[in-house]
Amino acid sequence: MRSVNRRKGDSSVRNSKWLVRFLKSREWNVNDTEKMLKESIEYRRRIRPSYLDCKWCHDRPGCHSMRQVGFDEAGRPVIYSNFAQANLRHNTSEDTICHCTYLIENAKRTMPPGVSTWVFVIDCTGMTIQACNPKLGYGVTQVMANHYPERLGLVICVNHNPVFQGIWKAMKVFIHPNTSSKVKLVKSKSKVKQTFLEVFPSELTDWILEEMRQNKIKPLPSTQREFWNKPSDSGRHDPRGCSSYIEKYIERSEKENAAFEILHKAHPNIMDSIKGKVVSVKKSSELEKKSSPFHHVDSCNSDSDEEFEQIEMLDIPDEFKVPDDAVKFT
């Protein structure tokens with residue numbers, strides 16, 4: 001009986017925290033919160049995000065590079081993404097939202113008690129406006145804000161260039177100030193390690209720095225392009241994630257795969273690799289096409305905030321713009 005009552009108590013605590021997040025996101029307006037809750041419940045009933053999978057990654061291995069790779073000092077799941085690793089250069093809102101939803105739903109299953117937010121590290125190496133633009137960003141942030149309120153802990157953007165900064169300035173006005181304040185653009189190479197060490201354990205800091213270094217190599221090594229495969233040499237850098245995450249979740253998945261359904265699922269192609277369904281990938285024909293004028297722009301290395309403030313708004317093609325009916329916050 002005590003165990004039953006304890007479970008009921010735990011459920012009540014979780015539900016109350018869940019409700020508080022929705023209330024806070026609507027600035028404690030009960031009517032707005034009620035409307036938001038109804039829409040979110042209908043969304044989960046219709047989409048069933050807990051069971052969602054990314055068909056784009058299964059159909060085209062490496063379509064998305066974003067994946068969970070470890071945890072920060074507070075135990076929050078850390079999700080890393082690098083544009084150079086992605087086997088697709090023209091993303092849509094549909095495939096991007098699906099992949100992000102898959103990741104965060106699975107990241108929730110790795111959260112220890114008391115943890116309710118996650119951290120993103122966006123490595124902009126290889127970024128193009130086709131793969132990262134205001135329309136895409138707006139679509140993803142809308143889903144996160146409406147159905148996962150107060151879940152974003154931090155976003156750290158590194159290796160970003162003036163193109164990304166122009167895109168950020170274009171879409172920032174459509175994002176709630178509480179959300180945009182959690183986005184940290186680290187402009188200087190000298191500050192990247194310092195920033196990581198303030199948030200991540202040394203193991204994850206070292207892993208991300210090495211991952212970033214290898215993803216800058218041209219041409220991109222096959223081991224990095226096929227980041228879902230286990231390295232043939234146990235002593236080599238493992239692009240699937242840091243050692244503690246690999247040991248606790250991926251190696252466990254390898255052992256449990258044949259026994260029963262796995263609770264936490266890593267990147268779809270990592271799961272495919274575990275099941276022996278995907279080993280290598282052909283380079284996408286899209287990557288062979290003529291580069292857009294946004295491709296070859298060096299990342300910023302200056303420590304000056306003025307450099308960012310002086311960046312002009314980009315002349316963004318209509319197909320990549322935020323919808324005209326989107327609400328501005330500033």
Side-chain angles (χ1 to χ4, degrees), residues 52-70 77-107 118-133 136-137 140 155-161 163-164 167 204 207-231 237-242 245-246 249-250 265-274 277-288 294-295 299:
L52 203 62
D53 202 352
C54 183
K55 65 179 183 180
W56 289 269
C57 284
H58 294 302
D59 292 343
R60 176 181 282 177
C63 180
H64 304 103
S65 69
M66 186 176 286
R67 58 202 185 273
Q68 185 173 346
V69 296
V78 176
I79 297 171
Y80 171 83
S81 178
N82 177 280
F83 292 95
Q85 287 182 304
N87 190 34
L88 185 66
R89 283 294 183 267
H90 195 141
N91 296 90
T92 66
S93 294
E94 182 184 11
D95 69 73
T96 304
I97 290 172
C98 176
H99 187 77
C100 287
T101 302
Y102 169 90
L103 287 178
I104 60 179
E105 285 289 333
N106 278 283
W118 40 69
V119 176
F120 286 86
V121 177
I122 309 299
D123 182 355
C124 296
T125 300
M127 193 209 79
T128 68
I129 197 169
Q130 289 85 358
C132 179
N133 56 70
L136 271 179
V140 173
V155 178
I156 303 175
C157 297
V158 296
N159 290 327
H160 50 82
N161 55 37
V163 175
F164 175 85
I167 290 172
L204 182 58
W207 183 91
I208 296 177
L209 291 174
E210 178 61 17
E211 181 72 7
M212 289 168 52
R213 185 191 71 81
Q214 296 208 22
N215 286 334
K216 281 190 173 183
I217 299 174
K218 295 181 180 180
L220 190 68
S222 60
T223 52
Q224 290 301 113
R225 190 169 66 249
E226 299 170 9
F227 55 83
W228 51 85
N229 286 326
K230 182 179 180 178
H237 171 75
D238 192 333
R240 298 177 299 172
C242 69
Y245 173 74
I246 295 291
Y249 293 101
I250 296 181
K265 296 180 180 178
H267 185 286
N269 293 139
I270 292 178
M271 300 308 298
D272 285 342
S273 182
I274 289 173
K277 292 183 177 180
V278 58
V279 178
S280 61
V281 60
K282 293 182 179 179
K283 192 172 183 181
S284 170
S285 59
E286 290 190 30
L287 305 187
E288 305 293 346
F294 298 99
H295 282 192
S299 60

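The basis for the numbers below is simple: all heavy atoms, side chains too, and nothing from hydrogens, waters or symmetry mates. Model, not experiment: these values are computed from the prediction.
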Problem - Side-chain (D95) to main-chain (C98) donor-acceptor, under 3.5 angstrom - result: no
Exercise for the section: Taking the side chain as every heavy atom from C-beta outward, state whether F120 and I104 have any pair of such atoms under 4.5 Å apart. Expected result: yes
Problem - Close side-chain approach of Y80 and M212, heavy atoms under 4.5 Å - result: yes
Exercise for the section: Could you walk me through whether M66 and L103 pass side chain to side chain contact (heavy atoms under 4.5 Å, CB included), step by step? Expected result: CA-CA 8 Å; M66 186 176 286; L103 287 178; 3.3 Å; yes
Problem - Pairing residues for S222 by the side-chain contact (heavy atoms from CB on, under 4.5 Å) criterion, not counting sequence neighbours - result: R225
Exercise for the section: Would you mind reporting whether F83 and N215 have side-chain heavy atoms less than 4.5 Å apart? Expected result: no
Practice task
Please answer whether the main-chain N or O of P239 pairs with a side-chain N or O of Q224 as donor and acceptor at a distance below 3.5 Å.
Solution key: no
Exercise for the section: Taking all heavy atoms of Q85 and all of S65, pick out the closest pair and write down the distance. Expected result: CB-CB, 3.8 Å
Exercise for the section: State whether the side chain of T125 and the backbone N or O of A84 hold a donor-acceptor pair below 3.5 Å, judged by distance alone. Expected result: no
Practice task
Would you check if the side chain of W207 reaches a backbone N or O of D238 as a donor-acceptor pair within less than 3.5 Å?
Solution key: yes
Handout entry: H99: partners by ring pair (Phe, Tyr, Trp, His ring centres under 6.0 Å), with sequence neighbours left out
Key = H64, H267
Exercise for the section: Sequence neighbours left out, what passes side chain to side chain donor-acceptor pair (under 3.5 Å) with H58? Give chain and number order. Expected result: D53, D272
Fill in the blank from the handout: Closest non-hydrogen contact found for C100 with V140 is SG-CG1, 4.3 Å
Exercise for the section: Measure the CG-CZ distance between N82 and F227 for me, rounded to the nearest 0.5 Å. Expected result: 9.5 Å
Problem - Side chain proximity check, C63 to N87, heavy atoms < 4.5 angstrom - result: no
Handout entry: Test item: Y102 side-chain N/O and A266 main-chain N/O as donor-acceptor pair under 3.5 Å
Key = yes
Handout entry: From CE (M271) to NZ (K277), nearest 0.5 Å
Key = 10.0 Å
Handout entry: Atom of C57, atom of P268 and distance for their closest heavy-atom approach
Key = CB-CB, 3.9 Å
Problem - Distance-minimising heavy-atom pair for I274 and I250 - result: CD1-O, 4.0 Å
Problem - Straight-line distance of I79 CD1 to W118 CH2, nearest 0.5 Å - result: 7.5 Å
Exercise for the section: Check whether any side-chain heavy atom of V69 lies under 4.5 Å from a side-chain heavy atom of C242, and answer yes or no. Expected result: no
